[in-house]
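Here is the structure we will look at.
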Amino acid sequence: YRRQRQMCKETANGVCPYETPTVTVKKRVINKTLKKAQRRLNKLGYNCGAPDGIMGSKTRKAIKRFQRKKHLKVTGKLNKATKRKLKLLS
């Protein structure tokens, strides 16, 4: 392995064929407020799937339907106005 590392240092382009490339995986952030919103949306009849705190396509569509029904700006995002209408903010 040391010999391979030494050979990598000597390569002209700086790319070592013996090393595994680093892969960045997009992380999904679990949001507690979003999870509460999902529960509320499901309870109100806007099917957004399992309340997992992750903004997926079902959640986005449910938020859009809710926003449209409540005459809010339709963004598909859980903004302040939407949170207020869902009674997540006082």
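A quick note: this is a predicted structure, and the numbers were derived from the prediction, not measured. In this chain, numbering begins with 1 at the start of the sequence shown.
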Review point. So, the side chain of Q38 versus the backbone of T33: is there a donor-acceptor pair under 3.5 Å, distance only?
Key: no
Check your understanding: Can you find a pair of side-chain heavy atoms, one from I54 and one from L34, that are under 4.5 Å apart?
Key -> no
Review point. How many angstroms lie between atom CG of L78 and atom NZ of K83, to the nearest 0.5 angstrom?
Key: 5.5 Å
Check your understanding: Counting distance only, does the side-chain N/O of Q67 pair as donor-acceptor with the main-chain N or O of G76 below 3.5 Å?
Key -> yes
Review point. Are any of the side-chain heavy atoms of K77 and T82 separated by less than 4.5 Å?
Key: no
Practice item. Kindly compute the distance separating CZ (R65) from SG (C48), expressed to the nearest 0.5 Å. Key: 8.5 Å
Review point. Looking at A37 and L88, what are the two nearest heavy atoms and their distance?
Key: CB-CD1, 3.6 Å
Review point. In Å, rounded to the nearest 0.5 Å, how long is the span from CG of D52 to OG1 of T59?
Key: 6.5 Å
Exercise for review: Report the distance from atom NZ of K85 to atom CZ of R40, rounding to the nearest 0.5 Å.
Suggested key: 14.0 Å
Study note, to complete from the structure: Closest heavy-atom pair, G49 versus N42, reported as atoms and distance to 0.1 Å, is O-ND2, 2.7 Å
Review point. Rounded to the nearest 0.5 Å, what separation is found between the CG atom of L86 and the CZ atom of F66?
Key: 4.0 Å
Practice item. Working to the nearest 0.5 Å, report the span between OG1 of T75 and CD1 of I63. Key: 7.5 Å
Exercise for review: Examine L44 and M55 and state if one hydrophobic cluster contains both, with Ile, Leu, Val, Met, Phe, Trp and Tyr joined whenever side-chain heavy atoms are less than 4.5 Å apart.
Suggested key: yes
